[in-house]
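Reading through the structure tokens given below for one structure.
Note that the structure is a prediction, hence the values are computed from the model and not measured.
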Amino acid sequence: MSSTIVPAPRLTTLTLFGIKKGHLRWGLAQMGAAGPKLAKVPGLFFYKLLGSGRGRGFSIKPNFYRYGMLCTWESDEAADNFFRSSDLIKEYEQHTFERWTCYLHPLHSHGQWDKKEPFSPLSSLNYSSGPIAVLTRASINMRALPNFWRFVPQSSKALDEADGLVCSIGLGELPLIRQATFSIWESAEAMKKYAYRNPKHQEVIRRTRSENWYSEELFARFIPLKTVGTWNGTDPVGSYVAG
């Protein structure tokens, strides 16, 4: 009798770095320089280095003072060792004035990122109350770029008006083309109300499908386990999570 082995959900971390004034060139350079170093980190399954925009969602205006690092780990111990003692983190500490890391348990994931499924969620987990984190990520078709960016302000305004939004940031691997948004909501109900009832957001979703904006996309939900550090001087999520 054979049995199906279900992979364990991979601990995911999102870290935001605030770059010191006078160190902006170093911060930008890490988008290329840090990748080979991360590739050698024990227990690191998947990683992405991300720039950020100035809005809460997708943004055409870059923020050169804020960068992100998304990681999925083979074990909690591997993540702890990296953040506690890695040379790369020590290097970031020399060039940043703050660091914020959110530890996440994947609940649901649909789609791919560079033809990979990085999160291995445990969708059978019953999680009915508490904050929820959402990651949306897309590679935008070149022919769709004008229409996509024409509707970005509408989508960003919808986020600004959303009830129950704790925090949000627009991230990206490549300017204009490879974009992501990370957000944390007070509850799954608040997130669903925005996703399914906000008319501005619904219009963007409709056009995404009808005009084939994306060549690849991913949507994932997570439980925020704990947060460490500050983002813009505070921890926006600390009061919502037990850790």
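Put simply, the side chain of Arg221 reaches to within 4.5 Å of the side chain of Met191, judged on heavy atoms. The closest side-chain heavy-atom distance from Cys102 to Ile184 is below 4.5 Å.
The line from CG of Leu70 to CG of Leu49 is 9.5 Å long, rounded to the nearest 0.5 Å. Note that CG of Leu135 and CG of Leu104 are 9.0 Å apart. Values are rounded to the nearest 0.5 Å. For the atom pair CZ (Phe83) and CZ (Arg99), the distance works out to 7.0 Å, reported to the nearest 0.5 Å. Rounding to the nearest 0.5 Å gives a distance of 9.5 Å between OG1 of Thr12 and CG of Leu225. Atom CG of residue Asn81 and atom CG of residue Asp76 lie 11.0 Å apart, to the nearest 0.5 angstrom. With values rounded to the nearest 0.5 angstrom, Trp113 atom CH2 is found 7.0 Å from Lys48 atom NZ.
Between the side chain of Glu216 and the backbone N or O of Asp114 there is at least one donor-acceptor pair closer than 3.5 Å. In this structure, Tyr103 contributes its side chain and Leu11 its backbone to no donor-acceptor pair below 3.5 Å. Glu217 places no side-chain N or O within 3.5 Å of a backbone atom of Gly111 that could act as its donor or acceptor partner.
Closest approach of His108 to His110, counting heavy atoms only: NE2-CB, 4.0 Å. Smallest separation of non-hydrogen atoms from Gly164 and Ala190: CA-CB, 4.0 Å. Scanning all heavy atoms of the two residues, the minimum distance from Trp231 to Pro236 falls at CE3-CG, 3.8 Å. Counting all heavy atoms, side chain and backbone alike, Phe222 lies closest to Pro224 at O-CD, 3.6 Å. Across all non-hydrogen atoms, the minimal contact from Trp185 to Val166 is C-CG2, 3.8 Å. For Gly229 against Asp235, the heavy-atom pair with the smallest separation is O-CB, 3.6 Å.
Proximity of the aromatic rings of Trp26 and Tyr92 is defined here by a centroid distance below 6.0 angstrom, and this criterion is met.
Counting non-hydrogen atoms of other residues, nucleotides and ligands closer than 6.0 Å to CD of Gln112 gives a total above 12. Summarising the local packing, NZ of Lys20 is surrounded by more than 12 heavy atoms from other residues, nucleotides or ligands at distances under 6.0 Å. For Glu117, the CD atom sits in a loose shell: 12 or fewer heavy atoms of surrounding residues, nucleotides or ligands are nearer than 6.0 Å.
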Exercise. Which is it for Asn232 and Trp100 under the side-chain contact (heavy atoms from CB on, under 4.5 Å) test, yes or no, and what are the steps along the way?
Worked result: CA-CA 9 Å; Asn232 291 329; Trp100 181 84; over 6 Å; no

For this session: Could you walk me through whether Trp73 and Asp80 pass side-chain contact (heavy atoms from CB on, under 4.5 Å), step by step?
Result: CA-CA 10 Å; Trp73 301 93; Asp80 290 340; over 6 Å; no

Exercise. Could you go step by step and tell me if Leu16 and Leu171 meet the side-chain contact (heavy atoms from CB on, under 4.5 Å) rule?
Worked result: CA-CA 10 Å; Leu16 300 178; Leu171 300 164; 4.2 Å; yes

Exercise. Passes side-chain contact (heavy atoms from CB on, under 4.5 Å), Thr15 versus Tyr67? Steps please.
Worked result: CA-CA 8 Å; Thr15 302; Tyr67 288 89; over 6 Å; no

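Considering Leu38, Leu14, Thr13 in turn, Leu38 is the only one that fulfils the side chain to side chain contact (heavy atoms under 4.5 Å, CB included) rule with Met69.
No path of Ile, Leu, Val, Met, Phe, Trp and Tyr side chains, each step under 4.5 Å between heavy atoms, connects Ile169 with Phe97, placing them in separate hydrophobic clusters.
Take Ala29 and apply the side-chain contact (heavy atoms from CB on, under 4.5 Å) test, not counting sequence neighbours, and it matches no residue.
Salt-bridge check for Arg66 with Glu98: passed, with a basic side-chain N closer than 4.0 Å to an acidic carboxylate O.
For residues 23-41, the pairs satisfying salt bridge (Lys or Arg N to Asp or Glu O under 4.0 Å) are Lys37-Glu91, with sequence neighbours left out.
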Identify every side-chain donor-acceptor pair in residues 139-146 under 3.5 Å, counting partners at least two apart or on other chains, and give the distances.
| unit_1 | atom_1 | unit_2 | atom_2 | d |
| --- | --- | --- | --- | --- |
| Ser139 | OG | Arg137 | NH2 | 2.7 |
| Asn141 | ND2 | Asn212 | O | 2.7 |
| Asn141 | ND2 | Tyr214 | O | 3.4 |

